[in-house]
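Below is one structure; the comments refer to it alone.
Numbers for residues simply follow the sequence, beginning at 1. Order of appearance sets the numbers: ligands from 1, and atoms from 1 within every ligand.
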Amino acid sequence: MKAIKIHEFGDTEVMKLEEVEHPVPQADEILIKMYASGVNPADYVVRQGGNEILKPFLKLPLGLGLDGAGEIEAMGSDVKGFKKGDKVYGIPNFLGGTYAEFIAAKATQFAIMPNNVSFNEAGSIPSCALMAWNGMDLGKVGAGQRVLINGAGGGIGNLAVQFAKAKGAYVIGTASQRNFGFLKQLGADEVIDYKDENFASLLRDIDVVFDASPVFNEDARIIMAVALKDGGRFVSVQLPYPFSEEFLNILAKKHGEAKMIRRELDVALSLTDIAKLIEEGKVSIIVSKVYPMEKVAESHTELETKHVRGKIVLEIRKEN
Ligand SMILES: NC(=O)c1ccc[n+]([C@@H]2O[C@H](COP(=O)([O-])OP(=O)(O)OC[C@H]3O[C@@H](n4cnc5c(N)ncnc54)[C@H](OP(=O)(O)O)[C@@H]3O)[C@@H](O)[C@H]2O)c1
């Protein structure tokens with residue numbers, strides 16, 4: 001079977017489509033015939049050699065890819081709740097490498113995918129969806145709250161907009177102007193250009209900030225913290241950038257909370273709840289482009305622009 005591997009860190013050309021050994025599932029694992037893998041920022045960060053958080057875990061050679069969707073081909077003896085042929089989506093344990101024709105992964109990291117979407121759609125979102133879901137949980141997002149989502153058009157951001165709307169929040173998204181119409185269609189109540197020179201004066205009385213931007217900007221972080229109400233909450237996806245003293249002082253004066261995103265919710269349960277929202281038509285999956293495995297380099301180049309709308313997908317095999 002084929003998979004994308006890297007034997008050195010570097011530019012997009014270090015990714016090679018290779019013949020590799022077919023995985024065999026352990027007792028608690030499912031063997032998945034993969035149809036699609038999401039392309040996520042962690043993939044290019046790993047390819048480049050990692051950041052401060054990832055570096056200690058990266059041992060070459062490595063597969064790439066955090067998440068995906070496929071069909072169960074076989075199961076270990078301890079696996080319950082799935083059967084051969086089930087269509088699943090999920091997030092194998094970190095560095096599992098989903099850019100592959102088959103993967104073996106812990107069954108607890110997967111759920112039945114929504115029944116009204118393609119493999120490409122389902123495979124594009126598990127990691128981003130889980131991050132956005134965690135963001136709503138950590139931010140205690142609820143009905144009537146004013147929720148600011150920074151980077152609202154991206155992989156995590158667009159799902160956060162939809163999850164917050166599904167919870168009944170008033171959603172303010174930030175984006176470049178070309179994404180204003182898109183975000184309004186997704187349900188955002190207000191859209192603001194994060195490059196607007198009046199950015200600070202456009203924000204007020206925010207209950208929750210969910211910073212889902214792939215670009216760290218301390219000034220923007222401070223502006224958004226200042227816009228929080230007393231007791232407001234700030235959740236960030238920017239794991240390699242700890243909160244500064246100045247930022248934490250602002251939060252303390254507002255009796256607020258600041259949290260970095262963590263994968264602390266049950267993966268299978270969360271993905272099952274998310275699948276329900278998708279099947280009910282409350283959340284849409286936005287795939288802006290599909291690349292075949294042979295074009296993995298182009299998929300990374302596009303994601304590295306940091307201006308992808310929704311998700312891009314690596315199609316592992318075509319769906320009938
Ligand atoms: N994907 C995951 O599973 C995951 C997991 C943990 C952590 N993270 C981290 O979360 C961050 C976001 O991930 P993602 O997958 O959502 O990224 P992404 O899809 O690449 O994000 C693209 C979006 O970022 C927006 N953006 C670009 N520059 C911005 C800026 N200066 N201010 C505000 N928004 C900006 C773009 O908006 P416009 O095009 O409208 O300008 C675009 O909509 C990354 O740093 C990633 O490392 C991701």
pair Met293-Ile4: side-chain heavy atoms closer than 4.5 Å: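 Yes, their side chains come closer than 4.5 Å.
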Which one of Gly38, Pro41, Gly154 has a non-hydrogen atom at the shortest distance from atom 14 (P) of ligand 1?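 Residue with the shortest heavy-atom distance to the ligand atom: Pro41.
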Nearest heavy atom to atom 22 (C) of ligand 1 wins, so pick from Met131, Met260, Glu302, Lys306.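 Heavy atom nearest to atom 22 (C) of ligand 1 belongs to Lys306.
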Euclidean distance, [Y] [atom2] relative to [X] [atom1], rounded to 0.5 Å:
X	Y	atom1	atom2	result
Tyr99	Leu314	OH	CG	6.0 Å
Leu148	Asp211	CG	CG	8.5 Å
Leu269	Leu265	CG	CG	9.0 Å
Ser270	Asp137	OG	CG	8.0 Å
Leu66	Ser127	CG	OG	4.5 Å
Ser288	Leu303	OG	CG	9.0 Å

Electrostatic pair [X]-[Y], nearest N-O below 4.0 angstrom:
X	Y	result
Lys2	Glu19	yes
Arg47	Glu304	yes
Asp28	Lys106	yes
Asp205	Lys229	no

What is the nearest protein non-hydrogen atom to [atom], stated with its residue, atom name and distance?
atom	value
atom 18 (P) of ligand 1	Gly155 N, 4.1 Å
atom 39 (O) of ligand 1	His307 ND1, 2.9 Å
atom 20 (O) of ligand 1	Leu303 CD1, 3.8 Å
atom 21 (O) of ligand 1	Pro214 CG, 3.4 Å
atom 31 (N) of ligand 1	Tyr194 CE1, 3.5 Å
atom 10 (O) of ligand 1	Val237 CG2, 3.1 Å
atom 2 (C) of ligand 1	Ser127 OG, 3.7 Å

So is there a nitrogen or oxygen of [X] less than 3.5 Å from a nitrogen or oxygen in ligand 1?
X	value
Asn150	no
Ile261	no
Lys311	no
Ile156	yes
Gln238	no

Is it possible for you to check whether Arg221 lies under 6.0 Å from the centre of the six-membered ring of Tyr194, through NZ or CZ, and within 45° of that ring's axis?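 Relative to the ring axis of Tyr194, which defines the angle, Arg221 lies outside at least one limit.
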Taking ring-ring contact (aromatic ring centres under 6.0 Å, His included) as the cut-off, I'd like each qualifying pair that reaches into residues 163-184, sequence neighbours left out, listed once.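 Residue pairs passing ring-ring contact (aromatic ring centres under 6.0 Å, His included), neighbours aside: Trp133-Phe163.
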Whether over 12 other heavy atoms sit under 6.0 Å from Glu13 CD: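 Yes, the 6.0 Å shell around CD holds more than 12 heavy atoms from other groups.
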Need the ligand 1 atom indices (1-based, order shown) with element for anything under 4.0 Å from a heavy-atom of [X].
X	value
Asn40	1 (N), 2 (C), 3 (O)
Val308	22 (C), 42 (C), 43 (O)
Gly153	43 (O)
Ala212	12 (C)
Cys128	1 (N), 3 (O), 15 (O)
Ser176	38 (P), 40 (O), 41 (O)
Ala175	40 (O)
Ser213	11 (C), 29 (C), 30 (C), 32 (N), 33 (C), 34 (N), 35 (C), 45 (O)

Can you tell me if [X] contacts ligand 1 (heavy atom of the residue under 4.0 Å from the ligand)?
X	answer
Arg178	yes
Asn217	no
Ala42	no

Please tabulate, for side-chain N and O atoms in residues 72-85, each donor-acceptor pair with protein atoms closer than 3.5 Å (sequence neighbours left out).
unit_1	atom_1	unit_2	atom_2	d
Lys83	NZ	Asp86	OD1	2.9

Under a 4.0 Å heavy-atom limit, does Val45 contact ligand 1 with its side chain, its backbone, both, or neither?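 The answer is neither.
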At a non-hydrogen distance cut-off of under 4.0 Å, which region of Asn179 contacts ligand 1 (side chain, backbone, both, or neither)?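 The side chain, only.
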Mind checking whether Ile103 and Phe119 sit in one hydrophobic cluster, side chains of I, L, V, M, F, W, Y counted as touching below 4.5 Å?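 Per the 4.5 Å side-chain linkage, Ile103 and Phe119 are not co-clustered.
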